[in-house]
Amino acid sequence: MSKNKIIIDCDPGHDDAMAIFLALGNPNIDLLAVTTAAGNKTLDEVTYNTRAVMELIGANNIPIAAGCSRPLVRTIQKGLKTHKVTGIDRSQLPEPKLPIDERHAVDLIIDTIKSHPPKTVTLVPIGGLTNIALAARKAPEIVGLVKEVVLMGGGYHTGNSTAVAEFNILIDPEAAHIVFNETWPITMVGLGLAYQARPDDQIIEKIKALNTRLSHFVVESLNNYTASYRQQKGHSDHAPVHDLCAVAYVIDPSIMETIKAPINIELQGALTTGMTVTDFRLPIKAECHTQAATKLDNPQLWDMFIDSLEQLGK
Ligand code: BDR
Ligand code: CA
């Protein structure tokens, strides 16, 4: 079976780091490139974090490129406080020496898509959509070349940055508008799905039992992430590890249920800017290219993740 070729565009972020580990440890994923955009923290911080987590697991041969330092139109907002001052806990991470690709992230994305056969590369954005939107504008031909876009962002009937808007969309709604209005197939792995992606104490214990440098980092990260989440949201649950879900879908789409529905981005609402307006009314037109993920097999997600950590820890 040929591997799924993916590009991760991210802003680590605890859950971004976990998504990178899931991808790198899974035998069915070929991670072609990792690109960054300002989001959870500044571009410099998230690029540093990306290099550090890749270095932790010795992923030396995958290009990493920095992209946009601000949204297309709006001014940058501060990232979610759940991701600490530097975006991720760095106490167990190496000081990264991995080089940053000379190209802008947008160019690395375009070059990577074009250097592979049509419809073989999947884009996996797990941060704001600034780089992806610019890539689609700079080289519109990539829209027809990409296999699909599987993104963590948005959600229907719920928000986290506002009552109805999710962080990755709200941080650059114009970019999200561009991405959702292109014709490539899009799977929106949004909040409703991501809220099901929580570890429990038993899962944390299983990860701890792997007893590797990586598993120690993962346990500490997930625990810290949950501690700030509980403090801020007043929940007693573990924090949802949103970004993991987008990679999991690429590995095995049967891990979630999806519903085909047109999705568009609200840009002008007094209260609803950044909302991913999802239209579940029937009938769905044949040209509909978007689907929303609805239901997750959470035990399978964590089995998959633990398998990856085991592979990487060897
Ligand atoms: C998304 O926002 C970020 O803080 C997380 O990394 C995730 O991508 C969840 O709303
Ligand atoms: Ca993210």
Side-chain angles (χ1 to χ4, degrees), residues 6-23 34-43 45-50 53-54 64 66-68 71 76-89 105 123-132 149-173 175-176 179 187-198 218 221-222 224-226 228-229 231-233 235 237-249 265 273-276 292-293 296 301:
I6 67 168
I7 300 172
I8 292 185
D9 185 68
C10 60
D11 61 341
H14 297 83
D15 52 341
D16 301 79
M18 303 306 140
I20 290 173
F21 298 147
L22 175 59
V34 181
T35 53
T36 60
N40 281 321
K41 297 292 161 190
T42 65
L43 181 66
E45 282 169 327
V46 299
T47 306
Y48 179 104
N49 293 344
T50 301
V53 297
M54 303 271 287
I64 302 169
C68 296
I76 188 95
Q77 305 173 30
K78 284 205 178 129
L80 296 180
K81 294 193 195 95
T82 33
H83 293 285
K84 301 232 140 193
V85 185
T86 51
I88 204 165
D89 202 318
L123 293 178
V124 185
I126 52 177
L129 290 164
T130 320
N131 290 336
I132 307 297
V149 179
V150 179
L151 62 92
M152 193 285 131
Y156 49 93
H157 312 322
T158 185
N160 56 6
S161 286
T162 71
V164 293
E166 183 277 333
F167 178 77
N168 290 341
I169 304 297
L170 189 66
I171 192 153
D172 194 345
V179 171
T187 298
M188 177 176 79
V189 179
L191 285 178
L193 190 290
Y195 285 160
Q196 302 164 48
R198 299 172 195 269
V218 167
S221 292
L222 292 178
N224 287 340
Y225 185 36
T226 286
S228 16
Y229 178 82
Q231 199 181 12
Q232 278 179 44
K233 312 269 179 193
H235 278 284
D237 293 342
H238 283 261
V241 190
H242 314 86
D243 294 342
L244 208 49
C245 306
V247 174
Y249 179 81
I265 312 299
T273 297
M275 181 177 181
T276 41
L296 174 72
L301 175 77

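These numbers come from a predicted model, not from an experiment. As the structure lists them, so they are numbered: ligands from 1, and atoms in each ligand from 1.
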Q | Name of the residue among L301, T226, L222 meeting side-chain contact (heavy atoms from CB on, under 4.5 Å) with V241 | A | L222
Q: For the Ca ion (ligand 2), find the closest N/O/S atom on D243 and give its atom name.
A: OD2
Q. Only one of D9, N131, T50 forms a side-chain hydrogen bond (donor to acceptor under 3.5 Å, both in side chains) with T35, so which one is it?
A. D9
**Q.** Element-labelled atoms of ligand 1 that are located less than 4.0 Å from some non-hydrogen atom of H242
**A.** 9 (C)
Q: Without swapping roles, check the side chain of D172 against the backbone of P71 for a donor-acceptor pair under 3.5 Å.
A: no
**Q.** Atom indices of ligand 1, in the order listed, that fall short of 4.0 Å to a heavy atom of D15
**A.** 5 (C), 6 (O), 7 (C), 8 (O)
Q) How close do P173 and G274 get, heavy atom to heavy atom, and via which atoms? A) CB-CA, 4.4 Å
(Q) Does any N or O of ligand 1 fall below 3.5 Å from an N or O anywhere on N168, backbone included? (A) yes
Q: Give me the one residue out of N160, N168, D15, D16 that meets side-chain hydrogen bond (donor to acceptor under 3.5 Å, both in side chains) with H242.
A: D15
Q.
Taking N, O or S atoms only and a limit of 3.0 Å, check whether D15 reaches the Ca ion (ligand 2).
A. no
(Q) Quick check: Y225 and ligand 1, any N/O pair under 3.5 Å apart? (A) no
Q) Is a donor on one side and an acceptor on the other found under 3.5 Å between the side chain of R198 and the backbone of A239? A) no
Q: Verify whether one side chain among T47 and T36 offers a donor that lies under 3.5 Å from an acceptor in the other.
A: yes
Q) Quick one: does D16 get an N or O within less than 3.5 Å of an N or O on ligand 1? A) yes
Q: Using a strict 4.0 Å cut-off to heavy atoms of I126, name the atoms of ligand 1 that fall inside it.
A: 8 (O)
Q.
Quick check on contacts: which atoms of ligand 1 are under 4.0 angstrom from a heavy atom of N160?
A. 9 (C), 10 (O)
Q.
Below the 3.5 angstrom mark, is there an N/O of L191, backbone or side chain, next to an N/O of ligand 1?
A. no
(Q) Please list, in number order, the atoms of ligand 1 under 4.0 Å from a heavy atom of E166. (A) 1 (C), 2 (O), 9 (C), 10 (O)
Q. Is there a donor in the side chain of S228 and an acceptor in the side chain of Q231, or the other way round, less than 3.5 Å apart?
A. no
Q: May I ask you to check whether I126 brings an N, O or S atom to under 3.0 Å from the Ca ion (ligand 2)?
A: yes
Q | D11, N/O/S atom nearest the Ca ion (ligand 2) | A | OD1
